2 protein chains.
Amino acid sequence: MAQRRELMKGSIDSLLLCLIGQRPMYGYQIITELEGRSQGYFRFKEGTLYPALHRLERMGLIESAWQTLSRGRHRKYYHITEKGLRSLVEKRSEWQQFLAAMSLIIQPTTDEMG
Amino acid sequence: MAQRRELMKGSIDSLLLCLIGQRPMYGYQIITELEGRSQGYFRFKEGTLYPALHRLERMGLIESAWQTLSRGRHRKYYHITEKGLRSLVEKRSEWQQFLAAMSLIIQPTTDEMG
DNA sequence: CTACCTACCTAGCGGGACTAGGTATTATGC
DNA sequence: GCATAATACCTAGTCCCGCTAGGTAGGTAG
C-alpha cells in the first residue's frame, strides 16, 4: 500500500515549516525528530527531505546557515523567515479545512449499508 | 495556493470508494455530490475523476454498468466490489493513522516557543 | 581498508491531479 | 441552420513531487 506516500504530498511542507518554526534545525535532525514525534510513522528519506528543504528555501520560507562543529564537520541549519511564518499559519488553516471536508465524507457509515 | 491539489493525492481513491460504497453512482453525479457534501470544498475536475474511476476499476475495487435513459442518453454507474469494500476499510484505517501522526506535529504550539 | 554512522547533495523515475481538448445528446435562442 | 450551454462521458500530455539510487565527505571501530 503506497497510499502513505501519496498522503504525504502537500503535507511535507507544512510538517517542515512546523518543526523549523519551533527552532532552527538541520536536515538529518529533522528526519529523526519527525520519526520520534510521530511515534515512528514519518520516516523521511533523504531524497524526500533535502529537495523539499531546497524548495522551501527557494520560496523564501526558510533560510540556511552553515555551522562548523569540529574540523571539517558541518551542518546546515535552517530557520524560518517572516514569510515562512505567515505561510505556516496559512498552511495550518488549509490543513484544517481539508480535514473538515474529508471528515464530512470519510465517516465510518455505521448505518448506511443496505 | 495549490496546496489543496497536493493534499488530494492519496485521498481521492478513499473519497470515491466511500461514496460508491454507499450506493451506485455515475461520474458526473459524484462530482456534484462531493461538492455538496463537502460544502463546496471538493470541486473535482473531470480530468481528475474519470481517470481515477478507471484506475479503481482496473484494480477491481469498483465495477461499472451502462444504463440507458432515453434514446442515446446513457450513464455509467459504478458499484463497489467485495475487494473494494475491504480496501475501503484499509484506507480508512490508513487515513486515521496519517491523521494521528499529522496532529502530533501540526499542533498550534501555544507553549512551545523558546 | 572495510564498515557503518553522520551529514549533505542530485539525476532520473513513477504516479497522480490537472489542463485542454474531444465526442454525443438535449434544449434554448436567434 | 447555427451558437450556446448543460449533461455525460473520454484521454493525451503536462506539471509537480516523493522517492530510488547513487554520489561526496568526515568520524569512528574493527
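Just so we're clear, the structure is a prediction, and the values are computed from it rather than from any experiment. The sequence lines fix the lettering, A, B, ..., with proteins before strands; numbering per chain opens at 1.
When the P atom of dG18(D) is taken as reference, atom CG of Leu34(A) falls 13 Å away, rounded to whole Å. Going from atom CG of Leu49(B) over to atom P of dT7(D) covers 15 Å, rounded to whole Å. Across the protein-nucleic acid pair, Asp13(A) atom CG and dC17(D) atom C1' stand 9 Å apart, rounded to whole Å. Distance CD1 (Ile30(B)) to C1' (dC9(D)): 13 Å, rounded to an integer number of Å. The nearest whole Å value for the distance from the CE atom in Met8(A) to the C1' atom in dG16(C) is 16 Å. When rounded to the nearest whole Å, the span between CG of Leu15(A) and C1' of dC17(D) equals 15 Å. Following rounding to the nearest Å, Arg43(B) (CZ) and dT19(C) (C1') show an atom-to-atom distance of 18 Å. If you take CD of Gln67(B) and C1' of dC9(D), they are 15 Å apart, rounded to a whole angstrom.
When atom types are taken as modelled, the side chain of Gln29(A) and the backbone of Tyr26(A) share a donor-acceptor pair closer than 3.5 angstrom.
For dA3(D), the paired base is dT28(C) (Watson-Crick or G-U wobble, both distances below 3.5 Å).
Salt bridge present: Glu6(B) and Lys9(B) bring a charged side-chain N and a carboxylate O closer than 4.0 Å. The pair Arg37(B)-Glu33(B) counts as a salt bridge, with a side-chain nitrogen and a carboxylate oxygen less than 4.0 angstrom apart.
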In residues 56-63 of chain A, what donor-acceptor pairs under 3.5 Å come from side-chain atoms, sequence neighbours left out?
unit_1   : atom_1 : unit_2   : atom_2 : d
Glu57(A) : OE2    : Ser64(A) : N      : 3.3
Glu57(A) : OE2    : Ser64(A) : OG     : 2.6

>> Does the protein touch nucleotides 2-15 of chain C at the base, only the backbone, or not at all? Give it as B, S and - per nucleotide, heavy atoms under 4.0 Å.
In response: ----BBBBB----B
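Between Phe42(B) and Ile31(B), every side-chain heavy-atom pair lies at or beyond the 4.5 Å cut-off.
With sequence neighbours excluded, the residues satisfying ring-ring contact (aromatic ring centres under 6.0 Å, His included) with His74(A) are Trp66(A).
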